[in-house]
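All remarks here apply to the structure that follows.
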There are 2 protein chains.
Amino acid sequence: MKIGDVAKRTGASVRSIRHYEKVGLIRATREENGYRDFDEADVLLVRRIGRMIRLGFTTEEIATFLNCIVDDPATVTACPKVAAAHRLKLAAIERQMADLETRRQKLLITLKAASGQDDTSVPEAPVHAEASPIARAHPRHPGARGLFRRSS
Amino acid sequence: MKIGDVAKRTGASVRSIRHYEKVGLIRATREENGYRDFDEADVLLVRRIGRMIRLGFTTEEIATFLNCIVDDPATVTACPKVAAAHRLKLAAIERQMADLETRRQKLLITLKAASGQDDTSVPEAPVHAEASPIARAHPRHPGARGLFRRSS
DNA sequence: GTAACCCCTGACATCAATGTCAGGGTCAAG
DNA sequence: CTTGACCCTGACATTGATGTCAGGGGTTAC
């Protein structure tokens with residue numbers, strides 16, 4: 001099976017499949033003409049990789065536990081590495097959510113103050129607390145990046 | 001006042017302050033020797049910019065409404081542009097939170113299944129739903145990026 | 001004069017998956 | 001043989017605030 005077929009059957013782009021191979025997530029035999037040759041197992045594997053990426057794992061993270069689930073889907077959760085990686089990711093996500101919630105609250109405060117504006121209603125503006133000079137910003141969040149850019 | 005002083009008093013790095021000037025968020029007069037010269041108002045401005053950035057606004061977004069609040073802190077929320085930008089950002093944040101929550105739930109499901117592993121307990125693995133090939137991934141989130149990298 | 005700071009500009013690096021282009025093969029159908 | 005639809009590799013672009021370095025100059029105290 002050629003790479004274009006795998007792309008159609010998995011939803012991943014040809015570019016992405018080549019990328020997964022380059023970083024070692026999948027392997028492909030080669031035909032005489034140099035074309036990559038995939039089989040059914042590769043289709044399943046690419047789909048699994050896609051799911052992991054949508055969950056927020058990077059290819060590097062996936063590589064650390066993909067060998068645990070390469071053979072049998074039923075053992076996906078039985079491999080310690082998988083569960084460990086999932087717990088780490090879960091914790092990271094919850095940190096990000098907490099950070100977003102903090103920012104959300106501050107935005108809400110400002111907006112609430114804004115609705116009662118008119119003029120000199122707010123003496124010292126609700127421009128939020130003076131954050132410590134050191135503890136700025138939030139960590140970059142992982143997760144898929146290459147598509148549907150520009151949200152806000 | 002020189003740029004180093006502003007940095008100390010705002011918590012922003014010298015590099016960042018120069019960046020804010022480059023993108024038009026602040027202006028600085030120049031001394032005869034070419035050094036930037038700042039005043040007290042600039043200190044307040046840089047602090048405000050820092051707060052906005054920590055809230056998740058990009059410099060480009062800040063530029064769209066910074067002129068509303070450049071003079072009087074008390075009118076911060078009185079400018080329509082500010083409130084509009086805040087509402088947009090709020091919506092973006094809530095989208096991101098919803099996305100994170102979705103991923104969190106899927107991770108939890110997998111982990112729950114993992115805790116009841118042992119062996120052939122799960123016939124068809126809880127590897128989450130087969131996402132449509134098109135609607136993959138979540139938009140890149142804005143917000144501060146240059147510090148405290150690598151979280152997960 | 002020289003060390004020790006400070007300032008300047010410009011450029012490259014970071015993160016990570018993906019898009020996209022250039023330049024070039026392979027192959028089957030017409 | 002030509003066209004069209006694939007495939008290949010390699011490279012650059014994207015995001016965006018910030019770090020960091022190179023190369024050069026100013027200022028001040030010794």
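Below, chain A is the first sequence line, B the second, and so on; all start at residue 1.
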To the side chain of [X], which of [options] is closest?
X: T58(B); options: dA17(D), dT18(D), dA16(C); value: dA17(D)
X: Y20(A); options: dT18(C), dG19(C), dT27(D); value: dT18(C)
X: R15(B); options: dC8(C), dG19(D), dT18(C); value: dG19(D)

For this session: Name all residues meeting the side-chain contact (heavy atoms from CB on, under 4.5 Å) criterion together with E31(B); count only those two or more places apart in sequence or in a different chain, and write none if there are none.
Result: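 Per chain and number, E31(B) pairs via side-chain contact (heavy atoms from CB on, under 4.5 Å) with K2(B), N33(B), Y35(B), D37(B).
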For this session: Under the side-chain contact (heavy atoms from CB on, under 4.5 Å) rule, collect the residues that match up with R18(B), sequence neighbours excluded.
Result: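 By the side-chain contact (heavy atoms from CB on, under 4.5 Å) rule, R18(B) matches I3(B), V14(B), R36(B).
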Exercise. Which whole-number value in Å describes the distance from I53(A) CD1 to dT18(C) P?
Worked result: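 The distance from CD1 of I53(A) to P of dT18(C) comes to 5 Å, rounded to the nearest Å.
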Check whether any side-chain heavy atom of [X] sits under 4.5 Å from a side-chain heavy atom of [Y], and report yes or no.
X: K106(B); Y: T110(B); answer: no
X: I26(B); Y: F38(B); answer: yes
X: L66(A); Y: L45(A); answer: yes

Problem set entry | Test side-chain hydrogen bond (donor to acceptor under 3.5 Å, both in side chains) applied to E101(B) - qualifying residues, sequence neighbours left out |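 Per chain and number, E101(B) pairs via side-chain hydrogen bond (donor to acceptor under 3.5 Å, both in side chains) with R104(B), Q105(B).
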Would you tabulate the pairs of protein nitrogen or oxygen atoms and nucleotide nitrogen or oxygen atoms of nucleotides 2-7 of chain D closer than 3.5 angstrom?
unit_1, atom_1, unit_2, atom_2, d
dC7(D), OP1, G4(A), N, 2.6

Problem set entry | Ionic contact status for R95(B) with D99(B), cut-off 4.0 Å |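 Salt bridge: no.
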Could you write out each protein N or O paired with an N or O of nucleotides 22-24 of chain D at a distance under 3.5 Å?
none

Problem set entry | Nearest-nucleotide 5' precedence on DNA chain C, D37(B) against T59(A) |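 Nearest nucleotide further toward 5': that of D37(B).
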Exercise. Through what angle, rounded to 10 degrees, does the axis of the helix from dG1(C)-dC30(D) to dG30(C)-dC1(D) turn between its ends, using five pairs per end?
Worked result: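 Inter-axis angle at the ends, rounded: 40°.
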Problem set entry | Set of residues satisfying salt bridge (Lys or Arg N to Asp or Glu O under 4.0 Å) with respect to E32(B), sequence neighbours excluded |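 Salt bridge (Lys or Arg N to Asp or Glu O under 4.0 Å) list for E32(B), sorted by chain: empty.
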